[in-house]
Trainee: 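First the structure, then my questions, so here it is.
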Amino acid sequence: MKTTLETSNANLLEVRGLTKTFGTLKACDNIDLTIAKGEIHALLGENGAGKSTLVKMLFGTLEPNAGEIRWDGQPVRIANPHAARKLGIGMVFQHFSLFDALSAAENIALSLDDKTPISTIAAKAKALSYSYGLPLDPYSLVGDLSVGERQRIEIIRCLLQAPELIILDEPTAVLTPQEADKLFETLERLRSEGKSILYISHRLEEVKRMCDRATVLRHGKVVGHCDPRKETAASLARMMVGSEVQAVVRSPAEGSDRAAVLLQVKNLSRTPATPFSIPLRNVNLEVKAGEVIGVAGVAGNGQGEFFEAVSGEVRQAAAGTVRIRGKDAGNLSITGRRLLGAAFVPEERLGHGAAPRMKLSENLLLSRYATDRKAFLGAAGVIHDGAVASASQRIVQAMDVRKSGTDPEAASLSGGNLQKFIIGRELDRQPAVMVVNQPTWGVDAGAAARIRQSLIELARSGSAVLVISQDLDELFEISDAIAVMHNGEMSKPIPIAEATLEKIGLLMGGAEPGHVEHVAEPA
Amino acid sequence: MRIELVKRPQQSALFSALSPFIALVLTLVAGAIMFSLLGKSPLDALYYYFVDPLREIWSLHELAIKAAPLILIAVGLSVCFLSNNWNIGAEGQFIAGAIAGSILPVMFPDFQSWIVLPLMLIMGMIGGAAYASVPAFLKTRFNTNEILTSLMLVYVAQLFLDWMVRGPWRNPAGMNFPETRDFHQYAILPEIWSSSGRAHWGFVFALVAAVVVWFMLSRTLRGFEVKVLGQSPRAGRFAGFSSSQMVFFAFIVSGALAGLAGISEVSGAIGQLRPTISPGYGFTAIIVAFLGRLNPLGIIAAGLILALSYLGGEAAQISIGVSDKVVRAFQGLLLFFVLGADTLIHYRIRFVGSAPRNAEVSHGNA
């Protein structure tokens, strides 16, 4: 790096007028951004604001339509990630690109361009990881590591290439609060060494705490540069959203002691289906009429397996492990459980909650054909198109789903609007039990507030609502009590009045009092 | 230099509708080139192939005879392909149906009653369905690849038929020719319109099957299930549909229709079992299914077109003296262009310069 020659120029990266269009959509419109040496620069914006597009152009995976990128004062063209790395740009992705079946060192070796022996890489990686306080065993299998540890591999892999600029895409989304603190220490250390960091996040508190400057994007445009330490979380949110986000109102749950238990999970255990999935260990949970129970936990601690078991996508051998409205449902299929009055919303929208290439009305039929058989189906299973279409129209209106055309394909909707439709599809039934996994994942703030409010209203109207989420702010906003999943175990729900971020965070890290550490079982 | 296929953000509805016709035109052009390379006049050849067989009533009957098995099989295959089950073994199911349906007239020639024919048709369907459920069972139980298993079972069926007509089922009065006894009058599928030509009721079965399956696919919950499980299996599981049940459903429907085609061909067009009872209907039906865009009504049209290529092949063999293998070449060209046109609807071609790109481009989809 020729950094010493250019010390007069304090800006490491300058972006001017960067534009990227996809068809008619301007994903990035005339973006200006400067990153100084030794600063942590936040890139803020809602989903779909253009953050990822911008970052992909900086890392060479997308080519801009117009605009200029200057590196150390020199105009550069970043044709591919290889060129980006050569310049000194490193990136840690939100979704890790690691092979489960390979060791940490082998994964690192894959990304290096030269043919260094694995042992050298392992030694280097180990030294580097300890010097940054991110201890890592380079010979451990990725499949055995926690999400936080996997992120360490990504970070170490990035640092091994001695980058000047490190781009982190939503790094704390998968971490416990304590793991996140560790990460912040590392980032501050990197800053003190003169490295620059572009930090993408929508968690305003951590941006305020750590970042020197922030650039806020909205609808593909820069709406402002600011010093986040001088702003409040509310003022930052206003910049991101462009208007006040309506606060979610949670009225206290009434008489929950006497209320009936509508969903009961009792001694639910599950052996892992694949070598890399998490077993469920004796999970117990009750959700009463009128209340919202939140399930917190770091991604990959068994929430997906728990959802599958509760929804009936995977049945249990013992009927009593899941009871819906007082009836044994453990050995019922998802359809059988729906007929008992339960409704489910999975984490993944496209391909799980909805079939991407099918119309909205067909996607309505997807989860409702059994419960609304009388309305939607005639003799011999002939579909009443009119009834399905008008029901889907009703949901679109109730949830304010924005779409093009009367009945477009699910894939053509934005993530937030499709999620509103999927949630609305179940709410429309007034289910007695509602189980939602990641209700607002990747959903913009306005839609998220609407979804959260509607879940609370459903509970207050007498239903039992179970929300699995990695977003702690969300859980604190809507839950009456929060339980934590860690390594396939469920803690006792903590009433919201007693729950603190720290308490929940400790449970997420597995530090339950009397908690027994499970040794990894042979697969 | 490298060629990449890049997914189009939107598919053109116009070209989706036009693509079978574009494929047909391209096939004709490529066919014309092929004929001129063979030293034949391309215009003459195309005339004998595609026009001459349509000029007389009796040859229209022949067209219906050839189209019937193609349509029947392809309609069943559309259910398979739409539900993402790749049944390539319809040829074997066709033969299995023909053998099962022939049990009565071959082994019990003295049992003569009007009930024989309906029983034969039902047994033919059962035979085809049973044979198709073998790859379905292997797929659901052992996760085997159904393309391989169903294809390999074709050869088993072909050799089994060969052995049957040379051995146990050989006509005792047939002077050692490898064929069964002729079916008696109650075992013959009658002609639709006997005064004008040979076309038998198999063609009517094909049309009825196409309409019924079209209705099932487009209007009923079962058809919805087929499409959901074919397009996004995980969403299908969330809906509560069983994918292993669907594997059996698709294979059994298509096997039964292929078996019906087999017994109709034997009892309608041939009148006995021989070592070879199909000029590759089961494979050609794959082309029919795709040319008809997996829509049973489109398949009727596509079946007639492919049937024409069989007739034209025979005509051209006689009148201009080209090999009957040209038919296969034609059908191959057609499938190639149909699939090519379909691919280009979903993807566009991009030429990439030879600049070295790193293996980690795949990071981009993070």
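Residue numbers start from 1 in every chain, and the chains themselves are labelled A, B, ... in the order their sequence lines are given, proteins ahead of strands. Note: hydrogens, waters and symmetry copies are ignored here, and every other heavy atom, side chains too, is used.
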Trainee: Using heavy atoms and a sub-4.5 Å threshold, report which of residues 129-148 of chain B line up against chain A, by residue number.
Mentor: none

Trainee: Given the options A:Gly351, A:Gly336, A:Ala355, A:Gly312, which has more heavy-atom pairs under 4.5 Å with chain B than any of the others?
Mentor: A:Gly351

Trainee: Taking only heavy atoms into account, what residues of residues 224-231 of chain B are found under 4.5 Å from chain A?
Mentor: B:Phe224, B:Lys227, B:Val228, B:Gln231

Trainee: Is it the backbone or the side chain of A:Leu366 that comes under 4.5 Å from a heavy atom of chain B, or both, or neither?
Mentor: both

Trainee: Can you name the nearest heavy-atom pair linking B:Leu221 to A:Leu377, along with the distance?
Mentor: CD2-CD1, 3.7 Å

Trainee: Measure distances from A:Arg349 to the heavy atoms of chain B and classify the residue's part below 4.5 Å as side chain, backbone, both or neither.
Mentor: neither

Trainee: Does any backbone or side-chain atom of A:Phe376 lie under 4.5 Å from a heavy atom of chain B? Answer side chain, backbone, both or neither.
Mentor: neither

Trainee: Any idea which of B:Ser232, B:Ala235, B:Gly223 has the most non-hydrogen atom pairs under 4.5 angstrom with chain A?
Mentor: B:Ala235

Trainee: Can you tell which part of A:Ala370 gets under 4.5 Å to a heavy atom of chain B, answering side chain, backbone, both or neither?
Mentor: neither

Trainee: Measure the shortest side-chain to side-chain distance between B:Arg237 and A:Ile334 over non-hydrogen atoms and say whether it is less than 4.5 angstrom.
Mentor: no

Trainee: If we define contacts as heavy-atom pairs under 4.5 Å, which of B:Gly236, B:Ala239, B:Ser218 has the most with chain A?
Mentor: B:Ala239

Trainee: Looking at B:Phe238 and A:Arg425, what are the two nearest heavy atoms and their distance?
Mentor: CE2-NH2, 3.4 Å

Trainee: Just wondering, more than 12 heavy atoms not from B:Phe248 lying within 6.0 Å of its CZ?
Mentor: yes

Trainee: Heavy-atom distances under 4.5 Å only: say whether A:Leu350 touches chain B with side chain, backbone, both or neither.
Mentor: neither

Trainee: Which bit of A:Ala354 is near chain B, if near means a heavy-atom gap under 4.5 Å: side chain, backbone, both or neither?
Mentor: backbone

Trainee: Tell me, for A:Arg338 versus chain B, whether the close heavy atoms (under 4.5 Å) come from the side chain, the backbone, both or neither.
Mentor: side chain

Trainee: For B:Phe241, is it the side chain, the backbone, both or neither that has a heavy atom under 4.5 Å from a heavy atom of chain A?
Mentor: both

Trainee: Could you look at A:Glu362 and say if it's the side chain, the backbone, both or neither that has a heavy atom under 4.5 Å from chain B?
Mentor: both

